[in-house]
2 protein chains.
Amino acid sequence: MRFYSWNVNGFRSVMKKGFMDWLEETEPDVLSLQEIRCEWEEVDLGVRRQLESAYDICWFPATSKKGYAGSATLSKKELGFSHTKGLGIDGYDAEGRMIVSKKDKLVFIAGYFPNASQGLVRLPFKRQFAKDLAAIVAKHHKAGHQVILTGDMNVAPEEIDLARPKDNTKNPGFTPEEREDFKLYLGAGLADVLRERNPTTPGLYTWWTARGGARERNVGWRIDLFLTSRTLLDQVKETAIHADVLGSDHCPISLELK
Amino acid sequence: MRFYSWNVNGFRSVMKKGFMDWLEETEPDVLSLQEIRCEWEEVDLGVRRQLESAYDICWFPATSKKGYAGSATLSKKELGFSHTKGLGIDGYDAEGRMIVSKKDKLVFIAGYFPNASQGLVRLPFKRQFAKDLAAIVAKHHKAGHQVILTGDMNVAPEEIDLARPKDNTKNPGFTPEEREDFKLYLGAGLADVLRERNPTTPGLYTWWTARGGARERNVGWRIDLFLTSRTLLDQVKETAIHADVLGSDHCPISLELK
DNA sequence: CGTGATAAG
DNA sequence: CTTAACACG
């Protein structure tokens with residue numbers, strides 16, 4: 001089973017840049033999208049029909065602000081995933097952040113983790129989000145479920161995960177607080193799959209600022225991740241960063257289970 | 001002497017669409033621009049230098065709202081026009097609407113007349129503007145000056161001046177009130193030069209809505225005009241609408257004096 | 001429908 | 001630098 005996650009930075013934008021071609025080439029089994037930034041009804045009708053024919057679609061735009069954030073999860077119809085919008089916590093759910101999808105004992109939790117924002121004005125919000133989400137993960141583990149947590153986590157866990165760690169210790173995405181909070185997910189029994197398998201490989205990034213050719217020079221950050229229950233690690237066939245896929249300031253990432 | 005007026009709908013926008021080429025081909029002696037929608041400092045430095053080398057420039061952006069309205073008058077340096085920003089009435093001057101330029105007994109008053117706006121919410125403002133401006137024109141006439149009044153007047157004076165008069169009697173730019181107020185300028189001793197010379201020619205328009213190919217079908221309005229003192233009429237060599245000049249939803253108009 | 005400001009990333 | 005909402009025309 002092949003899982004994908006992609007922050008598309010505007011679904012309507014990425015649609016104009018060949019999203020459907022990518023989807024048909026890639027045929028993910030389960031796909032999480034972040035920053036969809038539109039209602040389902042704002043998507044081209046032909047595209048909606050086409051997607052609906054193949055996928056169970058959970059479209060979860062923000063209700064708090066038009067054109068902001070939002071996430072979606074699509075799963076191949078034949079897989080029979082059940083999708084639930086939100087974590088049951090209004091502050092996050094109003095921004096369309098996380099979708100919880102289940103099949104048997106597998107829980108796929110995916111979406112758009114908060115950005116600490118300029119001046120770190122949303123750092124408190126983001127910290128609470130991490131605490132709440134880690135508790136939810138721990139609860140699933142206690143219940144005997146296996147968890148995949150993915151999406152744009154808006155944090156680079158370690159120095160190796162961004163090109164300019166020294167310059168960014170006070171910037172959103174690489175503050176000590178965000179890095180500390182990232183460990184809550186690990187403490188809840190999850191592992192950062194790509195880093196487990198590539199403990200010392202630098203230059204593995206999933207996001208590059210649009211300013212000044214950062215992507216061409218691979219001056220980026222690894223902030224889109226697949227975390228899985230440690231008990232799932234030996235079922236991982238492959239995990240990858242698809243940096244060649246354009247259309248957004250993020251690239252897609254994938255996880256294949258045996 | 002050749003006078004031009006053009007609502008450029010954003011000077012930076014029209015700059016990207018060949019404004020400088022048009023200027024070099026056209027070489028107006030005096031040029032009024034409306035809806036410049038930027039500060040002088042926001043214009044490309046090379047362009048500023050180039051313009052400043054040939055013209056006395058009066059750049060008059062709105063101070064009330066960034067990127068809104070504003071007007072400019074440029075006159076060939078050798079002509080020695082003196083330019084004054086505004087009519088001395090704060091409500092209009094804060095929006096950078098009118099510039100008064102003088103040379104000897106000639107007064108060139110040019111700029112961006114108010115739009116009555118959706119729901120006619122600014123009709124009272126526009127009516128007061130017309131009264132005030134007509135009084136200023138009358139005062140110049142009393143003082144023995146000759147007046148050229150031009151710009152985007154945001155009113156089509158007569159049914160012949162727009163393609164769909166019947167559909168627009170309640171719409172901004174063709175209400176009975178705006179048409180009545182237009183006559184205040186005539187009552188102050190001015191004449192609508194193009195209409196004087198072409199009393200029955202339909203299809204002479206200077207603005208076309210950007211929606212749905214109106215310009216290609218010439219479904220437009222004549223709302224950019226040259227009015228002159230009646231005593232100036234026999235000095236008019238030519239007046240024209242340059243509908244072939246693209247770059248804005250308005251086209252330039254011109255008046256040549258002998 | 002297009003220009004420009006603005007919020008957000 | 002880019003997406004999208006918005007104000008204004």
Side-chain angles (χ1 to χ4, degrees), chain A residues 7-17 34-39 42-43 61-62 64-70 95 112-122 125-126 152-155 171-173 206-216 219-221 223-224 246-250, chain B residues 7-17 19 34-39 42-43 61-62 64-70 95 112-122 125-126 152-155 171-173 207-216 219-221 223-224 246-250:
Chain A
N7 178 324
V8 292
N9 190 24
F11 187 71
R12 285 168 298 179
S13 167
V14 87
M15 277 300 308
K16 294 180 207 146
K17 298 173 183 164
Q34 301 99 43
E35 285 204 270
I36 53 173
R37 300 178 69 176
C38 68
E39 310 283 326
E42 293 173 305
V43 174
S64 61
K65 200 183 293 195
K66 211 166 143 48
Y68 174 70
E95 297 179 350
Y112 182 44
F113 296 44
N115 186 309
S117 298
Q118 283 316 109
L120 304 176
V121 292
R122 291 203 100 189
F125 179 81
K126 184 176 187 175
D152 173 1
M153 302 198 181
N154 265 316
V155 59
N171 289 339
T206 65
W207 174 80
W208 305 263
T209 177
R211 290 155 244 200
R215 190 159 184 174
E216 294 66 51
V219 178
W221 300 48
I223 58 179
D224 302 86
L246 305 179
S248 165
D249 50 349
H250 296 250
Chain B
N7 179 324
V8 293
N9 190 25
F11 187 70
R12 286 167 297 180
S13 166
V14 86
M15 278 300 308
K16 293 181 208 145
K17 299 174 185 164
F19 175 85
Q34 302 99 43
E35 285 203 270
I36 53 174
R37 301 179 67 176
C38 67
E39 311 283 326
E42 293 173 305
V43 174
S64 61
K65 200 184 293 195
K66 209 165 143 51
Y68 174 69
E95 297 180 350
Y112 182 45
F113 297 44
N115 186 307
S117 297
Q118 282 316 107
L120 304 175
V121 291
R122 289 203 102 190
F125 179 81
K126 183 175 188 178
D152 174 1
M153 303 198 181
N154 265 316
V155 59
N171 289 339
W207 174 80
W208 305 263
T209 177
R211 290 156 244 200
R215 190 158 183 175
E216 293 67 50
V219 178
W221 300 49
I223 59 180
D224 302 86
L246 305 180
S248 164
D249 50 348
H250 296 249

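Side-chain atoms are counted along with the backbone in the values below, which use heavy atoms only and exclude waters and symmetry mates. Chain A is the first sequence line, chain B the second, and so forth, proteins listed ahead of strands; every chain is numbered from 1.
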Suppose we screen for ring-ring contact (aromatic ring centres under 6.0 Å, His included). Which residues come up paired with A:F113, at least two apart in sequence or across chains? A:F129, A:Y185

Contacts of B:E42 meeting side-chain hydrogen bond (donor to acceptor under 3.5 Å, both in side chains) (sequence neighbours excluded), chain-then-number -> B:K66

Using the 3.5 Å cut-off, write out each protein N or O paired with an N or O of nucleotides 6-8 of chain D and the distance between them.
{"unit_1": "D:dC8", "atom_1": "OP1", "unit_2": "B:K65", "atom_2": "NZ", "d": "2.2"}

Do B:I223 and B:D152 have side-chain heavy atoms sitting under 4.5 Å apart? yes

Round to the nearest Å and state the distance from B:N115 atom CG to D:dG9 atom C1'. 6 Å

List for me each residue that meets salt bridge (charged side-chain N to carboxylate O under 4.0 Å, His left out) alongside B:E95, sequence neighbours excluded, and say none if there are none. B:R97, B:R122

Spacing between A:H250 atom NE2 and D:dT3 atom P, to the nearest angstrom: 13 Å

Could you pick out which residue, B:R122 or A:C38, lies toward the 5' side of DNA chain D when each is mapped onto its nearest nucleotide? A:C38

Set of residues satisfying side-chain contact (heavy atoms from CB on, under 4.5 Å) with respect to A:S248, sequence neighbours excluded: A:W6, A:N7, A:N9, A:H250

Does any residue of residues 8-15 of chain A have a heavy atom under 4.0 Å from DNA chain C, and if so, which ones, in number order? none

Which residues pass the ring-ring contact (aromatic ring centres under 6.0 Å, His included) test with A:F11, sequence neighbours left out? A:F19, A:W59

Taking side chain as C-beta onward, heavy atoms only, is B:N154 less than 4.5 Å from B:K126? yes

Taking the side chain of A:A210 as its heavy atoms from C-beta onward, which of D:dT3, D:dC1, C:dC1 lies nearest to it? D:dC1

Please list, chain by chain and in numerical order, all residues satisfying side-chain hydrogen bond (donor to acceptor under 3.5 Å, both in side chains) with A:T209, sequence neighbours excluded. A:R211

If I take atom CZ in residue A:F113 and atom C1' in nucleotide C:dG9, what distance separates them, rounded to the nearest angstrom? 17 Å

